[in-house]
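So the structure is just underneath, and the comments pick up after that.
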Protein chains: 4
Amino acid sequence: MSVVESLSNSMSIEVKESCEETAQRGRGRPRDEVARTRILEAALEVLQEVGFANTTTDAIAERAGASKATIYRWWSNKAAVVIEALRKQVSRDTPFADTGDLVNDIHLQLQGFVEFLTGWRGRVFKAFIAAAQNDPAFAESFRTDWILPRREEAKEIFERHKERGALAKNVDLELLLDAMYGPIYFRLLAGHGRLDADFAKSVGDMTIRSLVTS
Amino acid sequence: MSVVESLSNSMSIEVKESCEETAQRGRGRPRDEVARTRILEAALEVLQEVGFANTTTDAIAERAGASKATIYRWWSNKAAVVIEALRKQVSRDTPFADTGDLVNDIHLQLQGFVEFLTGWRGRVFKAFIAAAQNDPAFAESFRTDWILPRREEAKEIFERHKERGALAKNVDLELLLDAMYGPIYFRLLAGHGRLDADFAKSVGDMTIRSLVTS
Amino acid sequence: MSVVESLSNSMSIEVKESCEETAQRGRGRPRDEVARTRILEAALEVLQEVGFANTTTDAIAERAGASKATIYRWWSNKAAVVIEALRKQVSRDTPFADTGDLVNDIHLQLQGFVEFLTGWRGRVFKAFIAAAQNDPAFAESFRTDWILPRREEAKEIFERHKERGALAKNVDLELLLDAMYGPIYFRLLAGHGRLDADFAKSVGDMTIRSLVTS
Amino acid sequence: MSVVESLSNSMSIEVKESCEETAQRGRGRPRDEVARTRILEAALEVLQEVGFANTTTDAIAERAGASKATIYRWWSNKAAVVIEALRKQVSRDTPFADTGDLVNDIHLQLQGFVEFLTGWRGRVFKAFIAAAQNDPAFAESFRTDWILPRREEAKEIFERHKERGALAKNVDLELLLDAMYGPIYFRLLAGHGRLDADFAKSVGDMTIRSLVTS
DNA sequence: ATCTAATCGAGACGGTACGTCGAGTCTTCCC
DNA sequence: GGGAAGACTCGACGTACCGTCTCGATTAGAT
């Protein structure tokens, strides 16, 4: 069983497909957008079923009813296909809780995130993070499109808690968010312990304790 | 089959056998500990030079002056060798701090870990985590040969702090460790913020605050 | 899976496709007949230089400028390649005589076979037979890829002699072939007597005598 | 599944074990003759069960309750052990038939030989012949100890038939014997057709036909 | 109504690494 | 010093996957 797959994806991945590209269409047969879609769907299915390491381009091609040549014509390598497939799936989860009560917000948010990770989206999300470790361009996208917007959303809410006095002004929000999410990411990726509602509760409690004393 | 090897954290080539090791020594030629050490060292060198993805068992074997068969006799696959090699080095270069002072221990440990992650070993470590997400066998090795032994090491020290009364008896050590390491893993993998001594200090402070109130 | 390939005894690199070959040509890149030829030639060269026991698939692949995968796509194992390579050469250098005269055909064929066995290919052939005794898979290849095709070739010619009336209809061709080749195999393997043109002549004479009276 | 095993047995095989060797016994523990016997018996058993190609020294050692070192101390390689083990088993079969009637003698002899080959001794005999192809020393022994004595025996009987006038004086007995045994050896080793009483009968008939007309 | 060029499915190809297996050697302890 | 146990080096095996390539068949815009 092969373990490594991330050879030379240091180069940027061509994913952008702007609509106006059809304008410059030359003479020949136009790109088959159906095939493209089938390939991405197939990639996601295979990925979910067997994991990244056991995902082969042959398997994707076969399931998509496409040929490997078609895959490699449009994506530079296996990782690029899978990553583009993942990108669409990991887009949205529940918005940050905003009940007006700090303790409640934290607990609800952690509960929701753990729920999101438990289930098939968790598997995909793990693959998503893994992919980001191997490809700088994808890592950038991971931060910009996923991590940062969600942190901004959370920080806005925490800012309101600060204004209400529920949260001390001098609390480092970056650190607070790391304290909340870090342990959950850790268990997700290292798998050394259960990742369930109880754990979410404990992490929330601990986070809150570290705040109250400050 | 994974190779559990939490017997001796001795840093050198000592063939010294502790009492319980003589028990399992039957007849026949004993395991060549020198070869074992050479293999781990070679793995580390290859890892450093060509990166995780380009590390091959043949290269390790050749550099170690050992045969592939010997590698596969003692480690279930390439991943296991590489993981153990790196973990050994960490245990050696960054043993869990044991100064007798809880606060100090936590800070020192986090400083050491962040330092470890800054540099080429950090890149390798990220590759490990990525690989673990993709391949169940690798994930198992990663947990068994890296995560769990390190945690055991830390928990023993915390247990002593509990006995001394520096730490409340009812503290959940698993949770404590997640609180310490989680934020660091998070920044390592998501890259949304700096991963330096200051951050380590902040995480340590926060962890300790959450303990004092409990 | 053994590769039956009794289609074209063409001695060169012709990619010419006969009528029934187009039938099995589906879509996709067609088999590279040049590579196939190169592999068989390389096998023969390696065989000659280092002997059967020291012939490796890697060596054949490298010399042929092919990949091992290609070899194993078309031949079930090393033995099959080597057997086919040698058999092809024999069919080419020593095609079954077809002069129209039965007596002549038999004598020429036995002369050619004895000549073949005298020299390096005789040594290789002995190694083949030895290997066939020890390994069922090899034995199967040896029968399918060597013995049977050669016998079919001969039987076709004998059938024509039957139609011309030179050979009685009730002659058992299997037995006839055993009578011709058996004594030669016997001396080759047991080495109890000379294996030369005189012997071939004598065996031919004796075989013919046994036919005339029948 | 490995096919080849005959690497470097071109060197002569040390088998001689004269009884007076015990006289020159030195200081240490004397050779364990029981172990030697066990090894040879084990070799024969393994050989019969799995064939030469699948016979491993480990398997022999394990079954014999011996160690590989002991095997290699007394035999130069795997072939040497197996050959010595075989040598004793293939020693005797039925003596050449001598009924006074030439036709009868030939048929009886061929029947007996085919019977001998059918059954477990046939398997061993095949391995015996195969071994002779790879080792000159063993080939010599095969000829001297097995082939030639039996041919002499047969020739004596045929000489008496000549004196009685049942056989023409000018018949080449060597050739006659090759005609009788060759086809049987051929089928035994190439396995392209049945090797049974019917075949023996046919070969006998054919041999006799070739004689009568001469 | 062709011609021409880009695209598609299929699948063979060179290459690289994998993990396994067997041969024959060596090292320890036991007798 | 022989023998059992078993770890070691060496080298070939056959497999798997990657990314490239070459076919014949499609599919439009250009001529």
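Keep in mind that what you see is a predicted model, and the values were worked out from it rather than measured. Throughout, a chain's letter reflects where its sequence line sits, starting with A, and its residues are numbered from 1.
- Remark: C1' of F/dA4 and CD of D/Glu62 are 13 Å apart, rounded to the nearest angstrom.
- As judged by a 4.0 angstrom heavy-atom cut-off over every strand, A/Ala69 is placed among the base-contacting residues.
- Both tests hold for C/Arg31 against C/Trp74: distance to the six-membered ring centre under 6.0 Å, angle to the ring axis within 45°.
- Each of E/dT7, F/dT15, F/dC18 was ranked by its minimum atom distance to the side chain of A/Thr56; first place goes to F/dC18.
- In this view, B/Arg63 and B/Glu45, B/Glu49 satisfy the salt bridge (charged side-chain N to carboxylate O under 4.0 Å, His left out) rule, not counting sequence neighbours.
- Both C/Arg29 and B/Gly65 lie near DNA chain F, and the one whose nearest nucleotide falls closer to the 5' end is B/Gly65.
- In terms of phosphate contacts, D/Arg73 brings a side-chain nitrogen or oxygen within less than 4.0 Å of OP1 or OP2 of F/dG3.
- With a 4.5 Å cut-off on side-chain heavy atoms, A/Lys78 and A/Phe52 count as touching.
- In this model, the phosphate group of E/dG14 is approached by a side-chain N or O of C/Arg38 to a distance below 4.0 Å at OP1 or OP2.
- The side-chain heavy atoms of C/Trp75 and C/Leu40, taken from C-beta on, include a pair separated by under 4.5 Å.
- Put simply, CG on C/Asn54 is 16 Å from P on E/dA23, counting in whole angstrom units.
- A donor-acceptor contact under 3.5 Å is formed by the side chain of D/Lys68 with the base of E/dG24.
- Look at CH2 on D/Trp75: it is 13 Å from C1' on F/dG3, rounded to the nearest Å.
- The side chain of A/Tyr72 places an N or O atom within less than 4.0 Å of a non-bridging phosphate oxygen (OP1 or OP2) of F/dG19.
- Atom-to-atom, CZ of D/Arg36 to C1' of F/dA4 comes out at 19 Å; the value is rounded to the nearest Å.
- Nearest to the side chain of D/Asn77, among E/dG24, F/dC18, E/dT28, sits E/dG24.
- Toward the 5' end of DNA chain F, the nearer of the two residues D/Ala35 and A/Asp58, judged by each one's closest nucleotide, is D/Ala35.
- When the side-chain nitrogen and oxygen atoms of B/Trp74 are compared with OP1 and OP2 of F/dC8, one or more of them lie within a distance under 4.0 Å.
- Across all strands shown, A/Thr57 has heavy atoms under 4.0 Å from sugar-phosphate atoms exclusively, and none from any base.
- The separation between B/Asp32 atom CG and E/dT28 atom P is 9 Å, rounded to whole Å.
- In this structure, the CD1 atom of A/Ile39 is 7 Å from the P atom of E/dG9, given to the nearest Å.
- Using a 4.5 Å heavy-atom threshold, the side chains of D/Arg38 and D/Val34 count as touching.
- As a whole-Å value, the separation of B/Ile71 CD1 from F/dC10 C1' is 13 Å.
- Taking only side-chain nitrogens and oxygens, B/Ser67 never comes nearer than 4.0 Å to OP1 or OP2 of F/dG11.
- The CD atom of C/Glu33 sits 14 Å away from the C1' atom of E/dC13 (whole-angstrom rounding).
- For F/dA7, neither phosphate oxygen OP1 nor OP2 lies less than 4.0 angstrom from any side-chain nitrogen or oxygen of B/Thr70.
- Side-chain contact check for C/Thr57 versus C/Val81: every heavy-atom pair is 4.5 Å or farther apart.
- Contact annotation: B/Lys78 side-chain N/O to E/dC18 OP1/OP2 distance is under 4.0 Å.
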